[in-house]
Each structure stands twice: as C-alpha cells, then as structure tokens.
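Remarks on the structure that follows.
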Amino acid sequence: KRIPADIDAVLTVDEQVRALKAEVETLRGERNRLTKSIGQAPQEEREAVKDQARAVRQQLEEREPLLRDLEARLAELLLSVPNLPAPHVA
C-alpha cells in the first residue's frame with residue numbers, strides 16, 4: 001500500500017520501446033528483402049543493393065542496443081509497480 005511507483009515513466013518508456021521496436025522490425029524486414037534481392041539483381045545493380053543492405057545493417061546495429069536498454073529499463077520500472085489485490089481480498 002502506498003508504494004511509490006512512477007507510472008508516467010513506465011508509460012513513457014513503454015511508448016519509446018514500442019516505437020523503437022516498430023522501427024527495428026521495419027529495418028529487419030528491409031534487410032531481409034535486400035538480402036534476398038542481391039542474388040536476383042542484375043550484376044551491374046548488385047553493388048548498389050549491397051550498399052543499401054550495409055546501410056540498413058548499420059542502422060540496426062545502432063538501434064538494437066538502444067532497444068535492449070529501453071526494454072531493460074521498462075522491466076526495471078515495471079518491477080516497481082505493485083500488483084493490484086484481488087477484489088475479494090480487500
């Protein structure tokens with residue numbers, strides 16, 4: 001009872017996690033699409049596709065650690081939120 005929990009911080013970090021997770025998933029899909037298209041691309045276009053794939057990989061390498069850190073922070077914040085008692089326990 002009356003345990004301090006920063007719900008606003010939980011909601012803020014959760015929103016950040018969701019946004020970054022969506023971005024990472026989009027980048028992963030793009031990376032997969034580019035990787036598959038390398039073999040199918042004409043010889044003169046392959047290097048350009050490889051460069052695009054490298055750029056996407058670099059973006060993923062920057063964002064995935066941020067996502068892991070935010071997820072860890074969210075888990076830490078959620079541990080500070082007490083469980084609600086069952087109605088019959090009141």
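The basis for the numbers below is simple: all heavy atoms, side chains too, and nothing from hydrogens, waters or symmetry mates.
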Nearest atoms (heavy-atom pairs only) where [X] meets [Y]:
X     : Y     : result
Ala41 : Val49 : CB-CG2, 4.3 Å
Leu20 : Arg63 : CD2-O, 3.9 Å
Val10 : Leu74 : O-CD1, 3.7 Å
Pro65 : Leu60 : CD-O, 4.2 Å

Student check: side-chain heavy atoms of [X] and [Y] closer than 4.5 Å:
X     : Y     : result
Val24 : Arg28 : yes
Leu66 : Glu62 : no
Glu23 : Gln59 : no

- Query: Can you get from Leu79 to Leu70 by hopping between Ile, Leu, Val, Met, Phe, Trp and Tyr side chains that sit under 4.5 Å apart?
  - Reply: no
- Message: Tell me whether Arg33 is salt-bridged to Glu30, with the criterion being a basic N under 4.0 Å from an acidic carboxylate O.
- Response: yes
- Lys21/Glu25 ion pair, N-O < 4.0 Å: no
Measure the [atom1]-[atom2] distance between [X] and [Y] for me, rounded to the nearest 0.5 Å.
X     : Y     : atom1 : atom2 : result
Leu78 : Glu71 : CG    : CD    : 11.5 Å
Arg54 : Asp51 : CZ    : CG    : 5.0 Å
Leu27 : Glu64 : CG    : CD    : 8.5 Å
Thr35 : Arg57 : OG1   : CZ    : 9.5 Å
Asn32 : Ser37 : CG    : OG    : 10.5 Å
Gln16 : Leu11 : CD    : CG    : 11.5 Å

- Neighbour count >12 (heavy atoms, 6.0 Å) for atom CD, Glu47: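 Buried by this count: over 12 neighbours within 6.0 Å.
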- Query: Counting only heavy atoms not in Arg18, do more than 12 sit closer than 6.0 Å to its CZ atom?
  - Reply: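 Atom CZ in Arg18 is not crowded, with 12 or fewer foreign heavy atoms closer than 6.0 Å.
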- Query: Quick check: does any side chain N or O of Arg31 sit under 3.5 Å from a backbone N or O of Val56, one acting as donor and the other as acceptor?
  - Reply: no
